[in-house]
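Below is one structure, written out as structure tokens, with a few remarks after it.
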Amino acid sequence: MAAAEGLPERGYWELSGAERRARRKARELSFSLPGGGSSPTATRATSSGTLELMEESLDINLLNNTVQLKFQNCSLLPGGVHIFETQNHVVILILTNQTVHRLMLPHPARMYRSELITESHMQSVFTDIGKIHLRDPLNYCVIPTVPGLSAYSFASAAWLTSDGGALFALPSASGGIFVLNLPPYDIHGMVSSSVLELKQSSVMQRLLTGWMPTAIRLDQMCLMVADMLEFVPVNKDLRHAAGTGHKLQLAYSETLGLYIGVYLHAPKQGQFCVFQLVSTESHRYSLDHISSLFTSQETLVDFTLTTSEIWALWHDDENQTTVKYINFEHEAGFGQVGQRRLSWAEGREDAESCGTQFPGEAAGLTREGSTASPRGGEGRHQGQAQLPEALWWLGPRGWCQDPTSLSLDLLSRQVSMQPLPAEEVDIRDDQDPRETFTEAIFMPGQFTNAALLKALQFQGNVTEYEFSHEEFRQLQIEFWSKFYAYCLQYQEELSRPLALLWNQCTNMVCLLKKGYVSFLVPCTLVDHLYLLPDEQLINEVESVGLDESEFSHDLVSLVQCLRLIGESVNVEMALTMEMACCRLQSPERAAEQILKDLIANDTDNLMEDINSKLQEIKNPISAIGVLIREMDYETDMEMERGFNIAQPLNVRMHLSQLYGSSTTVSMICRCVYKMSMTRFFICRDLLILQHLLLRLGDAVILGGGQLFHTQQNLLHRTSLLLLSYYVIRWASQRLASDVPVDELESNLQHLSVLKLTDSTALAPLKLVSGPQTVVELFFQEVARKHTISQLFQSNAALDAAGLSWPQMFSAICSYLLQFLWPSNPCFLFPECLMGACQYAQLQEYIRLLEPWCHVNVGSCRFMMGRCYLVMGEGHKALECFCQAASEVGKEEFLDRLIRSEDVEMASTPRLQYYDKATLRTCIFKHHLDLGHNSQAYEALTHNPDSSRQLDCLRQLVVVLCERSQLQDLVEFPYVNLHNEVVGIIEYRARAVDLMTHNYYELLYAFHVYRHNYRKAGTVMFEYGMRLGREVRTLAGLQKQANCYLAALNCLRLIRPEYAWIVQPASGAVYERPGASPKRSHDGECAVAPRGSQIEILELQDLEKECMLARIRLTLAQHDPSTTAITGNSSPKELVTLLVQAGLFDTAISLCQTYNLSLKPVFEGLTFKCIKLQFGGEAALTEAWDWLAANQFSSVITTKETSATDEAWRLLSSYLDRYKCPNSPYHHCVINKLLSHGVPLPNWLINSYKKVDAAELLRLYLNYDLLEEAAELVLEYVDAILGKGHDYFGIEFPLSATTPIVWLPYSAIDQLLQALGENAANHHNMVLFQKVHDKLEAYQNQVDKATRDFLYRRN
């Protein structure tokens, strides 16, 4: 989408929003002073004062949201209303010239306990304000008569303490500050209010002890003194001049801290000074000077400060309102007097600043004649007051201009303000005055309701008299002109600005006016440059940050050319283009005609100026192309989507209400109208300019070869853009018709036959409080939900950064333009008009699109046929329906009319287009929507069309699953539909996510309910297999174990000869559908068909799989890091993983079940013993975890034992428990130890001596352990000769009467050879001699035993 990827949004424009008392008359509450309203001070002026409070929400419409408080015999002080939010309350602090008040209102979060708000309206916090006792002593106080308190104060401040107390500040005549303290609202007992004067250090210390934060409470209390003349050029003549109009604002950020903005006013110019509060090394606080910005002689009404920007509201010499903003961080270099630090010190008589500082938003307090408005705002509340948290004092001083400083006006950016309606309405001779004035006055957004109501009070009557037609026309024009003038006057008065509001949470900037609140929203750079006045265009171009490339220069020059053309187009010329679009004529011809008129009436050298600008454009084709792409919203993106069902329910419900109030809907649609109107003028002027380029010729401007490209491509694209914006502008002004409820219900019944009632564009309409345009209707009912779902597609929580108002507003407007863009395939807007019975508007909309829009042509013809059908013109409707048939199969809307799963019907879409759903299908759908499940099933079974019957069955399964009405779904008989419903559930089970849907469990219940246990076991086995492959989580393994256990139970419920299931391999086929692959029809065993690959799983196989699943779960629970790889691992792989995790008992059990060798288990345990013996404390600590997971044969309680000892004991018990012939496990253990150079423990040597001493000798020789081998040979020979023969497992030593014994002569010969090879080694020779002598003694004994044996034998 070019419009979304083009130039950045660098401007703002104003949109009117919430109107005061627009919905209903405000409730009135009165307050009068005790004692008949007598003033406690004779010098204090008393007058009536009225405070109007209004709560406004951007998400939901509020009831009872406006209230008027009348203070009799009192007047409100300027800036005397302050609103705070606490956890439980909304607190309003009010200061009048005689009293102070604290109003405690319930917080919205406490009013509505439920997190889910499904209604479109909710009560305001002002609903129960009538129950508040305004003269409650805890929340109200009469300002006492104190010497020095100013009788005519024009400045005030208030602050809510952390404990709920209220502080009210008023200036004193001596230059100090009086502070009146109301005790906390929840205090028990009688505590009266108190008054203190901030004037001297000692007094200040007494006050600060009670309410100054400990973060800045020092041992030696002091005051902050700041001389503003240090930051401005001082003139002696103006040093003692009285300063008026000074203002002070504060901004707070948790990351940047507190910023202070001061506006200093002088007769010639003004200056902004921005400071930052910093902490010094001595734990004191000081102010860093950030920037100084100089302004012109415009009158500053109000300004607001953020941590990076200044927004200022001005009145110029002509009393015109302007709003400017500047980023003082990025542009801090200009107008900067210098970086000076202001320290906290004792006060001086000259310009002094007394007060305390608290982190947070702050308010200002000035002397009489100065003003400083507090700033703030919380969440969804937009009040007419702010949230101060500190008291500041700004002394008035005089100063003069610094001629070397730069001006703020040269570098600030100006907001495009909403202009007042035209001063006069032009009436042509062919126009009816009444219709023309009515259209001009009551056009949406033209005049506020309050202005219209006030103007109606002055309308007069005309006595009966006979008029000629011309006299009557003139009288009409006279009366309507007077009424229009009244409306204009009241609109101008109600548009008078009062203050700027900035919301820190959302970065929303609002302009508070006398009659309504307007919002400053971002606009694109092209719109901003086109709308700027001439005298500000050059400065604005420099401030928006365009680079110095030829493209930027060309774009600005192009916009200037368009502005020259637009300013020269008069009413008649503009009407030419309007009528061409309305009458479906060519915009290009209209543009050519306008150009001819401009040339013919060129008295101000317009063509010469434009030609001069064109000469500055290096590449006009590229600049025009960029401008067209910037304004084009055509996209192929799929727009129709719902909320992400993976998001929590409360998140989805809150998203469904986001930006849903009538104020937000109206504001967004007005922005779309303003954009479409501005872009329409840009496209009109661009068409005229392109025709001018053609007139100037190829050689003059375009360059060789570009003329044809311009004429054929850019002109056509510009015409399409112009027509698109004309249609959107028309829709933004066209009011929606009021439709009775019964007519809406009848319309939905008719659309249900077309299968269109399930469309997201046909939402149930909500009641609205006033007239709506069709675009507002579309956005509120349809587009808003789709837009929010596009913006919040992920499952991330909604944070404040994701709800920044400028970015969100731009994105929403962009998406709404995409939904409305005629060339996009999205057809939601016409569908919404059809569902809302707006057939007259729909007919006009299609008429405007027909000549030039070639998208959704068939759908538009179908919609037109529907319009004719409603209006009783059946023959025209039939023609339109026939014309739409040619586009069947090409457009999404028409495809939804004919969707079918039947192959034969799908191959003939046009036939299906004419042959709509049968009566049984309609009956089924209605019963299903109403929750009549049994009746819906009955209608399904009586449907004669098999394809539609299958569609209904599929819909029944899906809907009942979504509603969790699974019992009905399982218990329906499904006569002749059993295989179909099983196939539907199986398909969905294999197509959706396993952990979020329970279709396998539904299918299991379905088969168990019908006692088909083998099929139920097959389903659960397949479920378990998929869980192992696809869900590599602990929950998936748990579910897999349960699935295999359920499958095992199913097979145990049937006869043993049928206790099997089939696991078909890839490419497996059966001769007969549903035939048993193992037995014939009479139960006899049958040979499996040739060529098939079938795996039969019997009860024993399932028991193994069940055990394997349990072991996987055990491993994952013991070591979560193996979860991802255990789900589909083989038994051999699982043994390795179990050994690594230390689960040796489980590994041995798995090996015994699958007949696997135990060598990996013994090798793994041996290696862990080695690591423990030579490892550190970490290895010993970790060992206790896996040791505890294995069973020991005995428990040692006589002494303390270590993890290493327990590991060796576990290895010893395994060797004793799992004995095999030739004891291969002893061999692998000893081999593992010797390979790592670990000495063999004595118990292991003694154990292996009994089993296979000869193999132990060979292992010694393999690892060159000659001494150990020699000692073993000596002991072995002695054992054979009868000395210690029990230690070697020799039952009978050598004798003539015992069985024959033997020695491993080969191994002994190797030992002797190895010992004798190194004759220089004395130790080896000693061992050699011992072994040799022992063998000699053994040979002698053998010789003797042999002779005795022979003697006995003979």
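Computed from a predicted structure; not experimentally measured.
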In Y1044, Y1000, Y1004, the residue satisfying ring pair (Phe, Tyr, Trp, His ring centres under 6.0 Å) with Y1023 is Y1000
Identify the heavy atoms of L1113 and A1041 that sit nearest to each other, and give their distance. CD2-CB, 4.4 Å
Quick one: do E1105 and F1021 satisfy side chain to side chain contact (heavy atoms under 4.5 Å, CB included)? Show the steps, please. CA-CA 9 Å; E1105 290 293 335; F1021 183 78; 4.1 Å; yes
Heavy-atom side-chain contact between V1277 and L1303 under 4.5 Å: yes
Taking all atoms of both residues into account, what is the closest heavy-atom pair of L1143 and L1115, and its distance? CD1-CA, 4.0 Å
Under a 4.5 Å cut-off applied to non-hydrogen side-chain atoms, are M1025 and E1030 in contact? no
Spacing of CZ belonging to R1110 relative to CG belonging to L1150, to within rounding of 0.5 Å: 11.5 Å
Would you say the side-chain atoms of N1042 pair up with the backbone N or O of Q1038, donor to acceptor, closer than 3.5 Å? yes
Would one find more than 12 heavy atoms of other residues, nucleotides or ligands at under 6.0 Å from atom CD of Q1152? yes
Between N1340 (side chain only) and E1336 (backbone N and O only), is there a donor and an acceptor less than 3.5 Å apart? yes
Counting N and O atoms only, with roles assigned by atom type, does the side chain of Q1040 sit under 3.5 Å from a partner on the main chain of A1109, one being a donor and the other an acceptor? no
With the side chain counted from C-beta on, respond yes when N1324 and F1328 share a heavy-atom pair under 4.5 Å apart, and no when they do not. no
If you compare all heavy atoms of C1151 against all heavy atoms of L1158, which two are closest, and at what distance to 0.1 Å? CB-CD2, 3.5 Å
Can you tell if the side chain of L1215 reaches within under 4.5 Å of the side chain of L1244, non-hydrogen atoms only? yes
Y1009 and H1007 side chains, donor-acceptor separation under 3.5 Å: no
Any chance the side chains of S1202 and D1205 put a donor and an acceptor closer than 3.5 Å? yes
Spacing of CG belonging to L994 relative to CZ belonging to R1026, to within rounding of 0.5 Å: 4.0 Å
Backbone of N1242 reached by a side-chain donor or acceptor of N1246 within 3.5 Å: yes
Keeping the roles fixed (side chain from R1014, backbone from C1050), state whether a donor-acceptor pair exists under 3.5 Å. no
Which of these passes ring pair (Phe, Tyr, Trp, His ring centres under 6.0 Å) with F1144: F1167, W1186, F1162? W1186
To the nearest 0.5 Å, how far apart are CG in L1210 and CG in D1145? 7.0 Å
Check: L1165 main-chain N/O paired with Y1214 side-chain donor or acceptor under 3.5 Å: no
Presence of salt bridge, K1249 and E1275, under 4.0 angstrom: yes
Residue pair Y1013, H1011: steps toward the side-chain hydrogen bond (donor to acceptor under 3.5 Å, both in side chains) verdict: CA-CA 5 Å; Y1013 297 112; H1011 305 289; 3.2 Å; yes
Short N-O contact, E1098 and K1104, less than 4.0 angstrom: no
Pair D1333-Q1329, side-chain donor/acceptor within less than 3.5 Å: yes
Exceeds 12 heavy-atom contacts within 6.0 angstrom, atom CD of E254: no
Yes or no on ring-ring contact (aromatic ring centres under 6.0 Å, His included) for F1174 and H1236, after CA distance, side-chain angles and deciding distance? CA-CA 11 Å; F1174 298 97; H1236 285 78; 9.6 Å; no
Under the ring-ring contact (aromatic ring centres under 6.0 Å, His included) criterion, do Y1276 and F1288 qualify, and how do the steps go? CA-CA 7 Å; Y1276 192 30; F1288 284 79; 5.3 Å; yes
Can you confirm whether W1243 sits close enough to W1208 that some side-chain heavy atom of one is under 4.5 Å from a side-chain heavy atom of the other? yes
Do the side chain of N1049 and the main chain of L1045 share a donor and acceptor less than 3.5 angstrom apart? yes
Is there a side-chain contact between Q1339 and K1344 (heavy atoms, below 4.5 Å)? no
Distance check, rounded to the nearest 0.5 Å: L1259 atom CG versus H1226 atom NE2? 12.0 Å
Nearest atoms (heavy-atom pairs only) where R990 meets E1022: NE-OE2, 2.7 Å
OH/Y1058 to CG/L1051 distance, rounded to the nearest 0.5 angstrom? 14.5 Å
Please check: side-chain N/O of T1153 versus main-chain N/O of S1149, any donor-acceptor pairing under 3.5 Å? yes
Evaluate the side chain to side chain contact (heavy atoms under 4.5 Å, CB included) criterion for residues L1265 and L1234: first the C-alpha distance (whole Å), next the side-chain angles of each, then the deciding distance (0.1 Å), finally the verdict. CA-CA 10 Å; L1265 300 176; L1234 295 179; 3.7 Å; yes
Do the side chains of L1099 and W1060 get nearer than 4.5 Å, heavy atoms only? no
Flag the pair L1027 / L1037 as yes when at least one side-chain heavy-atom distance between them is below 4.5 Å, and no otherwise. no
If you count heavy atoms of other groups shown closer than 6.0 angstrom to OH of Y1263, is the number above 12? yes
Quick check for you: to the nearest 0.5 Å, what is the distance between K1232 atom NZ and L1211 atom CG? 12.5 Å
Do you know which two heavy atoms are closest between L1034 and A1116, and how far apart they sit? CD1-CB, 3.7 Å
Among pairs that include at least one residue of residues 1257-1273, which meet salt bridge (charged side-chain N to carboxylate O under 4.0 Å, His left out), considering only residues two or more places apart or in two chains? E1255-R1258
Whether E1163 and K1159 form a salt bridge (side-chain N of Lys/Arg under 4.0 Å from carboxylate O of Asp/Glu) is what I want to check. no
Where W1184 and A1203 come nearest, the two heavy atoms and their spacing: CZ2-N, 3.4 Å
